[in-house]
Amino acid sequence: MHLEPEETKAVALRMKRAHGHLASVIRMLEEGAECEDVVTQLAAVSKAISRSGFALVSTGMQKCVTEGEDVDAARLEKVFLSLA
């Protein structure tokens, strides 16, 4: 399924924020921050990226349902499991 840029704008924005957050985590490492603080921030980045993936799948599913496109259950399951 192809999604248009306007359909993925919110996901792209979320990923850009995660990208900036990851840069901050890298900077923390380079500056010798406490391990616990770095891991906490890294977990937040990981969660943000994961949520972006689920948001993207959700957007695709909404498009399938609202536009009546055929849904390949095996393909959909594969996409979901790739995020696990």
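Here the structure is a predicted model, which is why all the values come from computation and not from measurement. Quick note: residue numbers are just sequence positions, from 1.
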Q: Count the heavy atoms belonging to other residues, nucleotides or ligands that lie under 6.0 Å from CD of E36, then report whether that count exceeds 12.
A: no
ask   = Are I49 and L42 grouped together when hydrophobic residues (ILVMFWY) are joined by side-chain heavy atoms under 4.5 angstrom apart?
value = yes
Are more than 12 heavy atoms, taken from residues, nucleotides or ligands other than M15, located less than 6.0 Å from that residue's CE atom? no
Would you say the side-chain atoms of S58 pair up with the backbone N or O of F54, donor to acceptor, closer than 3.5 Å? no
To the nearest 0.5 Å, atom OG of S52 lies from atom NZ of K47 at 12.5 Å
For A44 and H21 the tightest heavy-atom approach is CB-CE1, 3.8 Å
dist L22:CG -> M28:CE (nearest 0.5 Å) comes out at 12.0 Å
Step by step, work out the side chain to side chain contact (heavy atoms under 4.5 Å, CB included) result for I26 and E30.
-> CA-CA 6 Å; I26 293 168; E30 292 172 343; 3.7 Å; yes
Q. Is the backbone of E4 close enough, under 3.5 Å, to the side chain of E7 for a donor and an acceptor to pair up by distance?
A. yes
Hey, quick one: are V45 and V39 part of the same hydrophobic cluster, counting side-chain heavy atoms closer than 4.5 Å, chains of contacts allowed?
-> no
Separation between OG (S46) and CZ (R51), nearest 0.5 Å, reads 11.5 Å
Note: V25 and Q41 closest approach over all heavy atoms is CG2-CB, 3.6 Å
> Should we count CD of E34 as having more than 12 external heavy atoms under 6.0 Å?
Replying inline: no
